[in-house]
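Below you'll find the structure, written out as structure tokens, and then a few comments.
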2 protein chains.
Amino acid sequence: MSSEFRFSIKKTDTLRNQIYQDIKDAVISGKLKPGQRLREQDLSRDMGVSRGPIREAILLLEREGLLVTQTHRETTVAHVEKVEVDQLLNPLRVLLESYCIQTILPRLNEAHFSDLDNILNELIEACKNSDLSAIVKKDLQIHEYLVALTEEPYLISLWSGVSSRIVFHFINNSHVHQQNDFSQLIDEHRELLDAIKTKDWAIIEPVLRRHIY
Amino acid sequence: MSSEFRFSIKKTDTLRNQIYQDIKDAVISGKLKPGQRLREQDLSRDMGVSRGPIREAILLLEREGLLVTQTHRETTVAHVEKVEVDQLLNPLRVLLESYCIQTILPRLNEAHFSDLDNILNELIEACKNSDLSAIVKKDLQIHEYLVALTEEPYLISLWSGVSSRIVFHFINNSHVHQQNDFSQLIDEHRELLDAIKTKDWAIIEPVLRRHIY
DNA sequence: AAAATTGTTATTGTTGACAATTACAATGAG
DNA sequence: CTCATTGTAATTGTCAACAATAACAATTTT
């Protein structure tokens, strides 16, 4: 009989992907503010890696619209204005999510509804604790769950880019969106899930369109 | 009076952007076939540049869905299947273009219509000559013109990514879409432009939805 | 001979040094 | 003093060498 013991080899992702995620998290969580400059050398020193993978990570985030790079000059954290969220990003999100939900509608079953209910309950819990970070996370997770069901990598990455910029905006403008009362947020999501459970697009569509995160 | 003479300084774009465009053109035009492998070293040697900017260009094209990279293994030209065009890319394109057209509708004027008519005439000319490359280019140009009018860089880049993959599919499957007769292509575009000239979304929407490149 | 192991090679991932570009400060001319 | 010019420093863009990884061939074990 062979030993039960195994060395747990932590196979690391590429540096580029780790850096990408680190910067993205820092931006979305609000640790890096809009307009703030990112110097490749500083990041290199802070993270203890060379500039190569940092440049690649920055390049990706620039394409996603979270950073802005001026050639030969500098890269800064993007500004995401309310008007862009209202007139472009959120309509795009609705567009993408509409397509996702319509696509997966025939495949939706009780197991999915149960998963969604669980996330909703976690969202409610987060609201009770007024844990803004958790609220944003759980809110996103509901939508992400639906999008991921399509199993279309390109569609998922498109949605991911759009929604991360929306979240970024709300995090940096939480003072504007005075949400000391989260009841509306919960109601909207409950309404959305109830609509989805009918599996009737005619019922879902108007709810989704009205739903502004 | 000072001399009229000026040295024409050709300010070069970054290598990364040039390489990006070169590879993209090669893929979209069909010079690189789906599944074909791209070796960084080969590209480096052929183009006479180091692997740095090549890696960055490849990274961007991977995110656009024109290349597929397996970490530590290889990157190949993507396969874009008919089912993906029909069920995802083209609906996305319609979604994006719908949003674009609705946005710019109030601002559209005779000058724009004139521009569009000119491109349409060039498309008709290309069809007469059965110049597939020119046909694809002019076809794209009509849509691009409308999208560009939004002046939303993020939206434009989104559309650009989606449409380039659609074009890529059609170029690599031209034998499937036996288009020895381009009259339908011309009719559809003429119909679309006529609809747009009414500036009535209720008229435009069904035409756009029916229009499959 | 089949399966597991080891070594080899091709290729991508990462690094630190160098080149090119831009902004800004210092200098000089009107 | 104001404007143009030149030099300098900070930063990004590019390069060539090195490290890490994964596929495959060679070897050994059963």
Side-chain angles (χ1 to χ4, degrees), chain A residues 1-3 5-24 26-27 32 35-78, chain B residues 1-3 5-24 26-27 32 35-78:
Chain A
M1 175 183 174
S2 65
S3 167
F5 178 76
R6 296 284 167 83
F7 281 102
S8 61
I9 308 115
K10 47 184 175 185
K11 56 176 169 183
T12 62
D13 199 353
T14 60
L15 281 180
R16 181 225 301 157
N17 289 338
Q18 295 179 55
I19 296 165
Y20 166 84
Q21 201 56 52
D22 284 353
I23 299 180
K24 186 169 182 176
V27 171
L32 294 174
Q36 186 167 338
R37 184 171 181 182
L38 292 182
R39 254 173 284 253
E40 295 177 2
Q41 276 184 1
D42 293 352
L43 295 173
S44 172
R45 182 170 31 72
D46 294 350
M47 296 182 174
V49 298
S50 73
R51 283 175 50 226
I54 287 180
R55 283 180 59 80
E56 296 187 352
I58 287 177
L59 191 58
L60 290 177
L61 289 164
E62 201 232 332
R63 270 301 161 101
E64 282 188 23
L66 285 176
L67 301 179
V68 175
T69 300
Q70 294 174 287
T71 308
H72 279 294
R73 221 165 284 179
E74 60 177 11
T75 105
T76 57
V77 178
Chain B
M1 175 182 176
S2 65
S3 165
F5 178 76
R6 297 282 168 83
F7 280 101
S8 61
I9 308 116
K10 46 183 175 184
K11 57 175 168 182
T12 62
D13 199 352
T14 60
L15 282 180
R16 180 225 302 159
N17 290 337
Q18 296 178 55
I19 295 165
Y20 166 83
Q21 201 56 52
D22 283 352
I23 299 180
K24 185 169 182 175
V27 171
L32 295 173
Q36 186 166 340
R37 185 170 181 182
L38 292 182
R39 252 173 286 253
E40 294 177 3
Q41 276 184 1
D42 293 352
L43 295 172
S44 172
R45 181 171 30 75
D46 293 351
M47 296 181 173
V49 298
S50 73
R51 283 174 49 223
I54 288 180
R55 284 180 59 81
E56 295 186 354
I58 287 177
L59 191 59
L60 290 177
L61 290 165
E62 202 232 332
R63 270 301 160 101
E64 284 188 21
L66 285 176
L67 301 180
V68 176
T69 299
Q70 294 174 286
T71 308
H72 279 297
R73 220 167 285 179
E74 60 177 10
T75 106
T76 56
V77 178

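Just so we're on the same page: letters track the sequence lines, and every chain starts at 1. The shown structure was predicted, so the numbers you read here are calculated from the model rather than taken from an experiment.
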I'd like a table of donor-acceptor pairs (distance under 3.5 Å, sequence neighbours excluded) in which one partner is a side-chain atom from residues 67-78 of chain A, with atom names and distances.
from: A:Glu74; atom 1: OE1; to: A:Arg37; atom 2: NE; distance (Å): 3.2
from: A:Glu74; atom 1: OE1; to: A:Arg37; atom 2: NH1; distance (Å): 3.4

Salt bridge (charged side-chain N to carboxylate O under 4.0 Å, His left out) filter on B:Arg55, not counting sequence neighbours, yields A:Glu56, B:Glu40
Sequence-distant partners of A:Asp22, salt bridge (charged side-chain N to carboxylate O under 4.0 Å, His left out), two or more places apart:
none
Enumerate all atom pairs, one protein N or O and one N or O from nucleotides 9-11 of chain C, separated by less than 3.5 Å.
from: C:dT11; atom 1: OP1; to: B:Arg39; atom 2: NH1; distance (Å): 2.2
from: C:dT11; atom 1: O3'; to: B:Arg37; atom 2: NH2; distance (Å): 3.3

Going by the rule side chain to side chain donor-acceptor pair (under 3.5 Å), which residues pair with [X] if we only count those two or more places apart in sequence or in a different chain?
X	value
A:Ser50	none
A:Gln36	none
A:Asp46	none
B:Gln18	none

Figure out the CZ/P separation between A:Arg45 and C:dG16, and round it to whole Å.
14 Å
Between atom CG in B:Asp13 and atom P in C:dA20, what is the gap in whole Å?
17 Å
Nucleotide interval of DNA chain D bounded by contacts with chain A (heavy-atom cut-off, under 4.0 Å)
D:dT11 to D:dT14
Any residue of residues 60-70 of chain A with a heavy atom less than 4.0 Å from an atom of DNA chain C:
none
Bend angle of the helix from C:dA1-D:dT30 to C:dG30-D:dC1, end axes from five pairs each (to 10°):
0°
Strictly below 4.0 Å, heavy-atom distances to any atom of DNA chain D: list the hits from residues 46-55 of chain B, or just say none.
B:Val49, B:Ser50, B:Arg51, B:Pro53
